[in-house]
Amino acid sequence: MGEKDLRKSMSVLTIGTVIRLTSLTARQIRYYGDQGLVFPERTESNQRLYSLNDIDRILEIKDYLDEGMNIHDIKRIYYKQQLRKSKKGELTDVEARNYLKDDFLNAGRLNKSNDFRSNRL
DNA sequence: ATTCTCACA
DNA sequence: TGTGAGTA
């Protein structure tokens, strides 16, 4: 990983900045984090801090949502992407369990109607 | 002035 | 998802 990428992964932007850069509401931005789609850091005062990479991902999520996908579909996409990145590490296995566990928990109550799993990446 | 969590007439 | 309340 180069220095440039390192800078892009530095969490230094407050949610206010993210709002201006993405035209999304604080509610939506925080929600993506709650769903494990982005992982902003936290300051000692519990303030969320986003990186430029987070901005890219948030913008991407926004597009996917506009294209009709739901949080679950997007989760699957990033889940598969990470499987490809780390071919078979122990960390992946652990994270895989977390993703699935989280998936099942949320699947228990809400939306059972949206069952179009088309976007296989 | 900003952001955070929580909850819903 | 919006929004208002009550904080930090």
Side-chain angles (χ1 to χ4, degrees):
Chain A
M1 195 183 283
E3 181 187 308
K4 298 276 182 55
D5 296 297
L6 230 142
R7 292 185 189 291
K8 291 177 184 172
S9 66
M10 297 183 75
S11 301
V12 295
L13 312 172
T14 64
I15 198 166
T17 304
V18 181
I19 291 174
R20 296 165 192 141
L21 260 31
T22 65
S23 293
L24 288 170
T25 66
R27 179 82 161 85
Q28 295 173 302
I29 297 168
R30 293 186 185 118
Y31 183 63
Y32 301 163
D34 293 337
Q35 297 309 301
L37 266 33
V38 290
F39 15 84
E41 250 161 57
R42 294 281 189 151
T43 65
E44 288 184 15
S45 58
N46 200 41
Q47 296 250 335
R48 268 168 270 246
L49 287 184
Y50 300 82
S51 68
L52 292 177
N53 285 160
D54 289 332
I55 299 294
D56 282 341
R57 168 156 288 199
I58 291 172
L59 253 18
E60 193 170 57
I61 294 171
K62 182 187 177 189
D63 288 336
Y64 283 146
L65 254 24
D66 287 336
E67 289 172 28
M69 281 183 238
N70 56 47
I71 300 297
H72 263 70
D73 296 324
I74 300 173
K75 270 187 180 178
R76 296 179 69 77
I77 292 175
Y78 291 141
Y79 165 61
K80 293 187 177 182
Q81 266 181 22
Q82 107 169 52
L83 281 186
R84 297 228 169 195
K85 278 292 181 179
S86 47
K87 293 160 188 172
K88 45 184 171 185
E90 336 69 60
L91 184 62
T92 296
D93 188 57
V94 175
E95 290 181 301
R97 294 176 186 292
N98 286 319
Y99 271 83
L100 293 177
K101 178 199 66 178
D102 198 71
D103 242 39
F104 293 150
L105 290 179
N106 289 329
R109 42 166 194 174
L110 305 175
N111 323 311
K112 291 187 176 180
S113 53
N114 307 310
D115 287 280
F116 60 105
R117 277 60 213 268
S118 53
N119 301 62
R120 311 277 185 191
L121 299 187

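Given the structure is predicted, the values throughout are model-derived calculations rather than measurements. Chain naming here is simple, since letters A, B, ... match the order of the sequence lines and numbering starts at 1 in each.
- What separates CD of A:Q28 from C1' of C:dG2 is a distance of 10 Å, to the nearest Å.
- Between A:T25 and C:dG2, a side-chain N or O to OP1/OP2 separation shorter than 4.0 Å is present.
- Within the 4.0 Å cut-off from OP1 or OP2 of C:dA8, not a single side-chain nitrogen or oxygen of A:N46 is found.
- Using the Watson-Crick or G-U wobble rule with both distances under 3.5 Å, C:dT7 pairs with nothing in any strand shown.
- Straight-line distance from the CD atom of A:E41 to the C1' atom of B:dT3: 17 Å, rounded to whole Å.
- Pairing of B:dT3, defined by two Watson-Crick or G-U wobble distances under 3.5 Å, is not identified with any nucleotide.
- A close approach under 4.0 Å does occur between a side-chain nitrogen or oxygen of A:R48 and OP1 or OP2 of B:dC4.
- The residue A:Y50 sits apart from the nucleic acid: no heavy atom pair falls under 4.0 Å.
- Here C:dT1 presents its P atom at 8 Å from CG of A:L24, a figure rounded to the nearest Å.
- Annotation for A:S11 and A:E41: closest pair OG-OE2, 3.5 Å, computed over non-hydrogen atoms.
- For the pair A:L13 and A:L52, the minimum side-chain heavy-atom distance is below 4.5 Å.
- Note that CG of A:L6 and CD of A:E3 are 7.5 Å apart. Values are rounded to the nearest 0.5 Å.
- Rounded to an integer number of Å, the gap from A:R30 CZ to B:dT2 P is 13 Å.
- Tested against A:Y32 for a side chain to side chain contact (heavy atoms under 4.5 Å, CB included), the candidates A:I74, A:I58, A:D54 yield a single pass: A:I58.
- Map A:Q47 and A:R27 each onto its nearest nucleotide of DNA chain C; the residue landing nearer the 5' end is A:R27.
- One interatomic measurement links the two molecules: CG of A:N70 to C1' of C:dT1, which rounds to 15 Å at whole-angstrom precision.
- The shortest distance between the side-chain N/O atoms of A:T14 and the OP1/OP2 oxygens of B:dT3 is below 4.0 Å.
- Rounded to whole Å, atom P of B:dT3 lies 13 Å from atom CZ of A:R42.
- Counted within 6.0 Å of CZ on A:R42, heavy atoms from surrounding residues, nucleotides or ligands total more than 12; the atom is thus considered enclosed.
- Between A:E44 atom CD and B:dT2 atom C1' there is a gap of 18 Å when expressed in whole angstrom units.
- Between the C1' atom of B:dC4 and the OH atom of A:Y31 lies a distance of 18 Å, rounded to the nearest Å.
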